[in-house]
Asks: 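Dropping a structure here in structure tokens format, bear with me for questions.
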Amino acid sequence: MKDLRNWAVVAAAAIAIIGCGGSGGSNSSGGSTSGTGGSQGRGLPTINLSSFGSVQAVFLSGQGRRAPGSLVAVINQFQIQRVNAQDQLERVPALDQQNLPDLHIQLDGYTLNAFEFDVSMNANEPARLYTELPLQIFELDQLDQNNQVTRLTTTTPAFIADPPFDLDLVVFPGRQTTVQIALDDSIVGFDESTGSLTFDRDLFISKNYDVRSNTIKSFISDFIAFDLTGMATADRPKMPNNVPVEMALFSGDGIAVSAGFGHDNTFALLDPIAIQNGIITKGPILGGIRASGSYILQEPDPRDLTQVAKITALQGVWRPFTDVISGVGTSAMIAFPNSDVDIDQNLATENQQQVVLFKLDAAGKVTSMYQGVIRYDAGGTTKPTTGQLSIWPISQVVTADPANQVTGTVSNLVTVPFYAFDSGGNPKLIQYAVKSGDYAITSAVPGNFQFANKGSFVVFRK
């Protein structure tokens, strides 16, 4: 995993333009609450998340050319699967999807097409791992120069992945997880002699598998936003256009900054220093309550030699921290879980989390913020008991300046086991998920450090 000082693991954003959008995850932004912090008697904030996890499957197409005879892959269902405790192959969504809109993916065009669905989680289940993608293409069509569609394949479905593709998709209650899938006309074709769809499995794997894990990796795509406008301008980071940042956003897999709404360059994702720009918008007001906002990332259209035209690379949602975290008091330390689950011990994945330390005034506005990482002393099947804390002023988040580092330790960790299941339905311990703990600052602190040297932290999970 990358160093989380600035930014963590995010799947590479491929270039696309918006086709069909997802539903927005209606069940993932509210609902039942979890007393993660208060139950420990530490006066910790309460994390308010629903018991549903949201999954967004994004298909990215296009190789940079457009000509008559474009192939269009029609996908009328999308599922992920795992072996459950009953030694059964559990597929999600399990219901018939015939009434849902089909995705029509123009394989040689820059498009972004998405399915979105909810996953119901069990009580006290910190996360759930899905390991197989049984990709299916319903039919293959052809689009002529007059945009008339001709169906090419006669059998349905036209393609089913056999065996399913390897998947590393982690679902968290109350969060949105995205899996990106590259699908273009170098992978999918048509054999006129047989009248059948052709699929280059090796090329699909080459374009979609993460080289470290040898799977299709997911990432957390919903961000939690902290309004920084209550801080002095000099203490806030700057956007790429030198405008003071208005919000800092954290997902556990990424860090972003924003200023303004609804137009270009209002959103920037840190990677960890290189910045990908986009647009952030407020959510609609439904029944008197503002729904989750959204963001998109933009990249130059490779077909435009002037580099002026933009295409969309990624989409997701965001929520103010006040929508999902309550009982903060005057200050709090919040850690964010990430999707890099240590499945293969040979990967030597470091067990670490993003962390934010912030202070509020009487009106509830952030007046000071540090951000950084907690690195636990153990991962995988070994339960962590302590760890190391490294944080920096939020003003340095865009430049990743290593100055003014504050370090310390974490201890008294409260954990919960995270299980998957083997092919016989037997539980397999994947890792221990940290839910809360104590921290102690052990280094010298800058003169403007406004926080106690000892305290507690809570992890942003149900």
Asks: Identify, with sequence neighbours excluded, every residue that meets side chain to side chain contact (heavy atoms under 4.5 Å, CB included) alongside Ser326.
Replies: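 Only Thr46, Asn48 meet the side chain to side chain contact (heavy atoms under 4.5 Å, CB included) criterion with Ser326.
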Asks: Are the side chain of Gln371 and the backbone N or O of Val356 linked by a donor-acceptor pair below 3.5 Å?
Replies: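 No, because the side chain of Gln371 does not come within donor-acceptor range (under 3.5 Å) of the backbone of Val356.
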Asks: In Å and rounded to the nearest 0.5 Å, what is the CD to CD distance from Glu132 to Glu90?
Replies: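 The CD atom of Glu90 is 12.0 Å from CD of Glu132, to the nearest 0.5 Å.
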Asks: Given Leu314 and Phe219, is the side-chain contact (heavy atoms from CB on, under 4.5 Å) satisfied, shown in steps?
Replies: CA-CA 12 Å; Leu314 184 66; Phe219 59 96; 3.5 Å; yes
Asks: For the CD1 atom of Ile105 and the CD1 atom of Ile75, what is their distance to the nearest 0.5 Å?
Replies: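 The CD1 atom of Ile75 is 4.0 Å from CD1 of Ile105, to the nearest 0.5 Å.
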Asks: Do Arg82 and Leu129 have side-chain heavy atoms sitting under 4.5 Å apart?
Replies: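 No, too far: nothing below the 4.5 Å cut-off.
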Asks: At what distance, to the nearest 0.5 angstrom, does CD1 of Ile296 lie from CD1 of Ile279?
Replies: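 Reported value, rounded in 0.5 Å steps: 4.0 Å.
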Asks: Looking at Ser218 and Val170, would you say the former's side chain and the latter's main chain have a donor-acceptor pair under 3.5 Å?
Replies: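 Yes, because the side chain of Ser218 sits within donor-acceptor range (under 3.5 Å) of the backbone of Val170.
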Asks: Among Phe358, Phe449, Trp392, Phe226, exactly one meets ring-ring contact (aromatic ring centres under 6.0 Å, His included) together with Tyr370. Which residue is that?
Replies: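 So the option named by the test is Phe449.
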Asks: Are Lys435 and Arg461 close enough, and set up right, to give a side-chain contact (heavy atoms from CB on, under 4.5 Å), and what steps lead you there?
Replies: CA-CA 7 Å; Lys435 299 194 74 173; Arg461 64 167 84 249; 4.0 Å; yes
Asks: Under 4.5 Å between any side-chain heavy atoms of Pro45 and Ile334, yes or no?
Replies: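 A side-chain contact exists here, since the closest heavy-atom pair is under 4.5 Å.
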Asks: Going by heavy atoms in the side chains, are Ile47 and Phe460 under 4.5 Å from each other?
Replies: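 In short, these two side chains touch, coming nearer than 4.5 Å.
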Asks: Atom CE of Met333 and atom CD1 of Ile374: how far apart are they, to the nearest 0.5 Å?
Replies: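 It comes to 6.0 Å.
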Asks: Yes or no on side-chain hydrogen bond (donor to acceptor under 3.5 Å, both in side chains) for Asp361 and Thr367, after CA distance, side-chain angles and deciding distance?
Replies: CA-CA 6 Å; Asp361 63 14; Thr367 58; over 6 Å; no
Asks: With sequence neighbours excluded, give me every side-chain hydrogen bond (donor to acceptor under 3.5 Å, both in side chains) pair touching residues 236-247.
Replies: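 Every candidate side-chain hydrogen bond (donor to acceptor under 3.5 Å, both in side chains) pair involving residues 236-247 fails, so no pair, neighbours aside, qualifies.
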Asks: So, do Leu183 and Ser61 sit near enough that their side-chain heavy atoms are less than 4.5 Å apart?
Replies: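 When only atoms from C-beta onward are counted, Ser61 and Leu183 do not touch, as no gap falls below 4.5 Å.
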Asks: For Pro134 and Ala161, which heavy atoms make the closest approach, and how far apart are they?
Replies: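 Here Pro134 and Ala161 meet closest at C-CB, 4.5 Å.
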Asks: Would you kindly say whether Asp227 and Thr229 are connected by a side-chain donor-acceptor distance under 3.5 Å?
Replies: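 Side chains of Asp227 and Thr229: pair found under 3.5 Å.
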Asks: Evaluate the criterion side-chain contact (heavy atoms from CB on, under 4.5 Å) for residue pair Phe321 and Leu249; output intermediate values, then yes/no.
Replies: CA-CA 9 Å; Phe321 86 90; Leu249 305 95; over 6 Å; no
Asks: Test side-chain contact (heavy atoms from CB on, under 4.5 Å) on Leu297 and Asn277 and set out the steps.
Replies: CA-CA 6 Å; Leu297 289 181; Asn277 295 312; over 6 Å; no
Asks: Shortest non-hydrogen contact from Lys462 to Leu49?
Replies: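 That would be NZ-O, 3.5 Å.
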Asks: Keeping Asp401 on the side-chain end and Gln396 on the backbone end, is there a donor-acceptor pair under 3.5 Å?
Replies: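 No: the side chain of Asp401 does not pair with the backbone of Gln396.
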Asks: By ring-ring contact (aromatic ring centres under 6.0 Å, His included), which residues pair with Phe267, not counting sequence neighbours?
Replies: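 Here the qualifying residues are Tyr295.
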Asks: For Gly283 and Arg290, work out which heavy atoms get closest and say how close.
Replies: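 In this case the closest contact between Gly283 and Arg290 is O-NH1, 2.6 Å.
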Asks: Does one side chain, of Asn113 or Thr111, offer a donor that lies under 3.5 Å from an acceptor on the other?
Replies: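 Checked: Asn113/Thr111 side chains pair up, N/O donor to acceptor below 3.5 Å.
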Asks: Is there side-chain contact between Ser54 and Phe52, with heavy atoms separated by less than 4.5 Å?
Replies: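 Not in contact.
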Asks: Picking from Leu169, Asn208, Asp210, what satisfies side chain to side chain contact (heavy atoms under 4.5 Å, CB included) with Ile216?
Replies: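 With Ile216 as partner, Leu169, Asn208, Asp210 yield a single side chain to side chain contact (heavy atoms under 4.5 Å, CB included), made by Asn208.
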Asks: Dump the intermediate steps for side-chain hydrogen bond (donor to acceptor under 3.5 Å, both in side chains) on Gln388 and Thr407, then the final yes or no.
Replies: CA-CA 7 Å; Gln388 303 298 313; Thr407 60; over 6 Å; no
Asks: Any chance you could measure Ser258, atom OG, to Met239, atom CE, to the nearest 0.5 Å?
Replies: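 Separation between the atoms: 6.5 Å.
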Asks: When you measure from the side chain of Trp318 to the backbone N and O of Lys282, does any donor-acceptor pair fall under 3.5 Å?
Replies: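 Here the side-chain-to-backbone pair does not exist.
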Asks: Set out, in order, the CA-CA distance, both residues' side-chain angles and the distance that settles side-chain hydrogen bond (donor to acceptor under 3.5 Å, both in side chains) for Gln431 and Asn351, then state yes or no.
Replies: CA-CA 9 Å; Gln431 68 174 194; Asn351 188 8; 4.7 Å; no
Asks: Are any of the side-chain heavy atoms of Ser339 and Thr177 separated by less than 4.5 Å?
Replies: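 Answer no - side chains too far apart.
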Asks: Taking only residues two or more places apart in sequence, or in another chain, which ones meet Tyr432 in a ring-ring contact (aromatic ring centres under 6.0 Å, His included)?
Replies: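 Partners of Tyr432 by the ring-ring contact (aromatic ring centres under 6.0 Å, His included) criterion come out as none, since no residue qualifies.
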Asks: Can you give me the closest heavy-atom contact between Phe336 and Gln353, atom names plus distance?
Replies: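 Residues Phe336 and Gln353, closest heavy atoms: O-CB, 3.4 Å.
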Asks: With no hydrogens and no angle check, is any side-chain donor or acceptor of Gln81 less than 3.5 Å from a backbone partner on Leu89?
Replies: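 Here the side-chain-to-backbone pair does not exist.
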Asks: Under 4.5 Å between any side-chain heavy atoms of Pro93 and Gln79, yes or no?
Replies: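 Touching, per the 4.5 Å side-chain cut-off.
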Asks: Quick one: closest heavy-atom pair of Val397 and Leu270, and the distance?
Replies: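 Taking every non-hydrogen atom into account, O-CD1, 3.5 Å.
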Asks: Tell me yes or no: between the side chains of Ser294 and Gln315, is some donor less than 3.5 Å from an acceptor?
Replies: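 No, because no side-chain N or O of Ser294 sits under 3.5 Å from a partner of the opposite role on Gln315.
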Asks: Do Asp438 and Ser456 touch side chain to side chain, with heavy atoms closer than 4.5 Å?
Replies: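 Touching, per the 4.5 Å side-chain cut-off.
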Asks: Test of understanding: with ring-ring contact (aromatic ring centres under 6.0 Å, His included), list the residues that count as partners of Tyr439, not counting sequence neighbours.
Replies: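 For Tyr439, no residue satisfies ring-ring contact (aromatic ring centres under 6.0 Å, His included) once neighbours in sequence are set aside.
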Asks: Locate the shortest heavy-atom distance separating Leu286 from Ala291; write the atom from each residue and the value.
Replies: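 Minimum heavy-atom contact is CD1-CB, 4.0 Å.
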Asks: List in chain and number order the residues that pass ring-ring contact (aromatic ring centres under 6.0 Å, His included) with Phe165, two or more places apart in sequence or in another chain; answer none if no residue qualifies.
Replies: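 Checked Phe165 against ring-ring contact (aromatic ring centres under 6.0 Å, His included); matches are Phe204.
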Asks: Measure the spacing between OG1 of Thr381 and CG of Leu429 and express it to the nearest 0.5 Å.
Replies: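 One finds 6.0 Å between OG1 of Thr381 and CG of Leu429.
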